[in-house]
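Take a look at the structure set out below.
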Amino acid sequence: MQKIIRLTRANLRRHKGEALLLVLLIAFSMCMLGAVLVSFGEIRDLFPNAVKEIHGVENLLMMDARYFDPAYLQLLAEEDSVTEYGYAELVQSVYARCLDPEGREQPISQLFINQENERKLEQSPLISALSEAEITAMEHPVWIPYGLKDNFRLNEGDTYTVLISGRAYPFQVAGFYESGVYTDSLAGFKLIVSDADYRVMEQLADPAVIVWFNTADPEHTDTNALCSRFISKCEAYSQQDLNLTVTRMLYLQRVSDAALEVKLLLILMSAMTVLVMLTVLFIIRYRISNDIDEQMVSIGVLEALGYRFADISAMFTLEYLLIAAAGILIGAASAVPVIPMLYHLGELMSGHHGAMHWHFSSLLIAAAILAGFVLMIAWMRARSVHRYPPVQALRRGIRDHHYRKNLFPLEKTRSSVTARLAMNGFMQDLRRNIGVGLCIMLATLTLVFCLILTVYTLHEIDFMRAVTGFEISDVLLGVTPQTDLDAFAAELLEDPDVRKVVPRGEDHRQFRWKERDAAFMPQVYDDFSQLECVKAASGRFPQHENEIMLTNFDRQQYQLRIGDTLTLSFGEVEKPYILTGFAAGISSSTVFLTGDGFRRIDPAYRNNGLHVYLREGVDREAYIRNLSQRYGKSAHDAMQDAGSGAETFEERIRQAAQQKISAMMQNYGVNHVDYAITVGDTVISGDSSYFRLLFADSTVDLIQSADATLVLAIRAVSVLFLIAAAMIVIATVYVLTEASVRKQWMHFGIMKSMGYTTKMLMKQIFLRIIPMVIAAAVPGDLLSVAGIGMLSDYIGTALISVPLIAAANGIVLLLAICSAYWSARKIRAVSVMQLMTE
Amino acid sequence: MDSVILRTEKLCKSFSNGGVQQHVIRNLDLEIRQGDFTVIMGASGSGKSTLLYALSGMDKPTLGKVFFGDAEISAYSNDQLALFRRVHCGFVFQSIYLMDNMNVMDNILTGALLVQKPSEQLNAKIRTLLEQFGIGEKLWSKYPNQLSGGECQRVGIVRAIVNAPQILFADEPTGSLNSASGQNVLDAMTEIHRSGQSIVMVTHDLKTALRATRVIYLRDGAVSGEYVMQPFGEDDLQSRRNGLQKFLDQMGW
């Protein structure tokens, strides 16, 4: 064994550069594979574990408190599969806002609950770095879920300001808690407040009730059907239409939603790891073949000295096992800080905190997988020394006879002998070159893909506009019912800052597809061609009242086809709609229809908002401020500006009246209010026509706060991919060049004696490698274009960017040239002297 | 008297071996004349090959100068030396050094195309040379491993002279060949010399040295003696052998 180790060490010393590169690539693979194996199981289970640990409820139905009757619980108890059930009260404000760390208003839905009700839903411990006395001393303590803490980077003692029902409510952050529900900015955040504050909130926002239930087998119970049965029974019991007021949050869907982004990350990282591993294995295979060719005479000498084939094979295999061991150790060490980072990213994405368990066995499995593959490839390749018995090996192997057809004879040279020699060299190593080309192709594919993703995610909002499948304009306006939407839109359009105004409709009530027990949120536009973010992936947008469009995601989930008829219900009314197409993007459970289409099922429907698109360079916040000045405060702003600026008694009365009206319009959907107040002999009268705007939001800010973590994760993985792809290009070209130089060391010496300069020989190597890199990059480009094209079709936005593809190819070429140059520099060391003294 | 083609002035070459300086060539002054067949002889370690490398621009001297005509090639850069070798020199090696991944024609063309433009005339010239040196057409597309040692060396000679160099360097060209093959190669070298080619050859073989017109004997890195002969074939071989043997005996060979 010692003699084998000695020979292996000698071999390693000869190829230090290549060995180092291989160590780095294996370390990278180990780090990624280890991170994927250790952390992803943990991240995927963050949500289910969180629910389990806090004894959280599994399935929830949230309804307006006015529709709730405790007797409903008995109806729930009748279901055989329900093992536990109950209800909790809380306050919900869809239109609430809060101040982010930069002091900007964020339109984030918030729910307020007191500790007593919170205990009915979850048993999460309240964690705080503050003492009991400090918390007790707080006037308005609030306990924040970790999802919000991470989003807003809050700490104990910070002020968290809620903007609701006419004024700002500053709370002091008492601490944090894990929550299974309401942990993201789209669904809203659940805030635990004191009983006193809760009572205040009850007056300002919408009291709601969460009816919850657990089942014996949450993984296999059709809770959707169970909910439908339960709601029907409740409707029968109460003689009320409950479908439109009840929002479902079902366990399996919550698990799936929580793991969706993590799955995406897992797929990307696994693909990257596989790519790097394949490259490593190819390089090892190539290197061993080359080593055997190169050391043929030495092999013959060893055989002549009495070494067995197995000894020599073991020598080569051991070399790569040692390289793999070094790479695995470095990779495992670098995985130690990477895994918690990845886990934290998972926490940010899922909105749940967990205690990560270090499964060292997973690291061992990763190490075993890598070592196993390296051993297998190295041994399979090293065994080829069997083909060379001593005499044959001493004659440099039969393979050194080149009986193959000479495709590029020098006799046919027309211009450059260097180019001809390069072509000859390329053809002689054709099989290996094809392998190297495959590596370059995969690396180019990855580089193009990741560069595009990285660049797109640098501009978060452009990326979100491209992928969400929702219309993201600059400013989203909600208008009061008495406002003439078309006239208002025309008026807004006269503003030179405004590029386009598109009427829109939105309803928080869901459409249900009874046949499949699915719910869809309506998005209503009269002219879909005006939209910039929502695109049809297939088919077309609805044009007639009996037409609808669903999303790509829904098409896959429900196996739908264009032309299918879906019977949708809205409240008690049911209507058939024809499916005209599927919207691109990553959104789901959304139904697109025209205003006429909505009125077909709800004759009272009218568009209630406007998308405002501003011209380039116009400040969104400034525009919203200007809107208030031009059209009066929005109902929302009026609620917040209580008492400000009023000087006379009459003004104060009018302002108080407006505040009341705005609260009614905001929170209860009141259409019109007239008022007349008698003060002594004076009658102060007015109506709600003062308000034209319900709210004015910067859509961009809302989207950014909601999806920043996803974008961050995609960008992080893309950058990692970029690094991996760059390493692959460097490694393959370096190894190929180094091997070519070493293999032709003597030939280059002979050529130098004839008068070839180092530059000419380096050019020969370049001409052998760089055209291959270019040739390999082309199919890589085509594959990436095809892949991006498929992605573009899915999300509906053309992500293909010729400049970025060119840039990615430029990077590949530059890396290849630098790597080839670095490696080919060794030709300078080729000495005629050395050749002649051999 | 023929003009001087190569000249050295106080040529020194030393190597450092484990910190110990080894002076292989010491203050050597030498002239190589146009049209001569110069053979350098000497005991092992006397500096024969080192002198050949220095004369041919393969290696740079430690001290002293090497002139090719009036040009001081010892002051040339590596690229200039490559150009010098390309245009003015041809090499025949003991180990032959044909490129084993190229057939006969390609081996020759690799050097030829450095100096001459690709053309049918060039290909025809090579074919003629090959025929002249006993490499028949059926061998032109063969690879080195399919040829005998003698055939390989003759291909090596054609490769060395294809660009009509002003001087042909040969380092023990028959050293790795059997006697019949060696004889063929020497005949070829003699034939080239007769056509006016200047040759500098290193050898330790008496039979090879007999082909020379001038024998320089090196001892400890310096010229210890010189022996001049008629061109091969113009005198009696036995007396030629005796004369050279006597000279070498005097030199302590």
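Lettering of chains follows the sequences in order, A, B, ..., and the numbering in each one begins at 1.
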Could you tell me if the side chain of B/Met102 sits less than 4.5 Å from the side chain of A/Leu421, heavy atoms only? yes
With heavy-atom distances below 4.5 Å as the criterion, would you say the side chains of A/His747 and B/Asp100 are in contact? yes
Heavy-atom check, side chain of B/Arg86 versus side chain of A/Thr757, under 4.5 Å: yes
Once you round to the nearest 0.5 Å, how far does CG of B/Asn123 lie from CG of A/Leu410? 9.5 Å
Part of A/Lys759 lying under 4.5 Å from any heavy atom of chain B: side chain
Does B/Trp140 have more than 12 heavy atoms from other residues, nucleotides or ligands lying within 6.0 Å of its CH2? yes
State whether the number of non-hydrogen atoms from other residues, nucleotides or ligands found under 6.0 Å of B/Lys60 atom NZ is greater than 12. yes
Please say whether more than 12 non-hydrogen atoms of neighbouring residues, nucleotides or ligands are located less than 6.0 Å from CD in B/Glu120. yes
Around atom CZ of A/Arg285, are there more than 12 heavy atoms of other residues, nucleotides or ligands at under 6.0 Å? no
Can you tell me if A/Lys763 has over 12 outside heavy atoms packed within less than 6.0 Å of its NZ? no
Side chain, backbone, both or neither: which part of B/Asn78 has a non-hydrogen atom closer than 4.5 Å to chain A? neither
For A/Arg414 and B/Lys117, what are the C-alpha separation, side-chain angles and deciding distance, and is it a side chain to side chain contact (heavy atoms under 4.5 Å, CB included)? CA-CA 8 Å; A/Arg414 289 285 165 267; B/Lys117 288 202 169 142; over 6 Å; no
Heavy atoms only, distances under 4.5 angstrom: which of B/Leu113, B/Leu114, B/Leu98 has the most pairs with chain A? Name it, please. B/Leu114
Taking all atoms of both residues into account, what is the closest heavy-atom pair of A/Thr413 and B/Pro118, and its distance? O-CB, 3.0 Å
Exactly one of B/Phe93, B/Phe169, B/Tyr97 clears side-chain contact (heavy atoms from CB on, under 4.5 Å) with A/Ser753, and that residue is B/Phe93
When you compare the side chain of B/Arg159 with that of A/Met754, does any pair of heavy atoms fall below 4.5 Å? yes
Answer whether the closest heavy-atom distance between the side chains of A/Asn424 and B/Asp106 falls below 4.5 Å. yes
Give the C-alpha distance, both sets of side-chain angles, the deciding distance and a yes or no for side chain to side chain contact (heavy atoms under 4.5 Å, CB included) between B/Met99 and A/Met751. CA-CA 9 Å; B/Met99 283 173 279; A/Met751 287 185 186; 3.5 Å; yes
Is the CG atom of B/Asp220 crowded by more than 12 outside heavy atoms at less than 6.0 Å? no
Dump the intermediate steps for side chain to side chain contact (heavy atoms under 4.5 Å, CB included) on B/Met58 and A/Lys752, then the final yes or no. CA-CA 9 Å; B/Met58 295 264 200; A/Lys752 275 196 171 180; over 6 Å; no
Pairs of heavy atoms under 4.5 Å with chain A: top-ranked of B/Ile126, B/Asp79, B/Val115, B/Thr110: B/Thr110
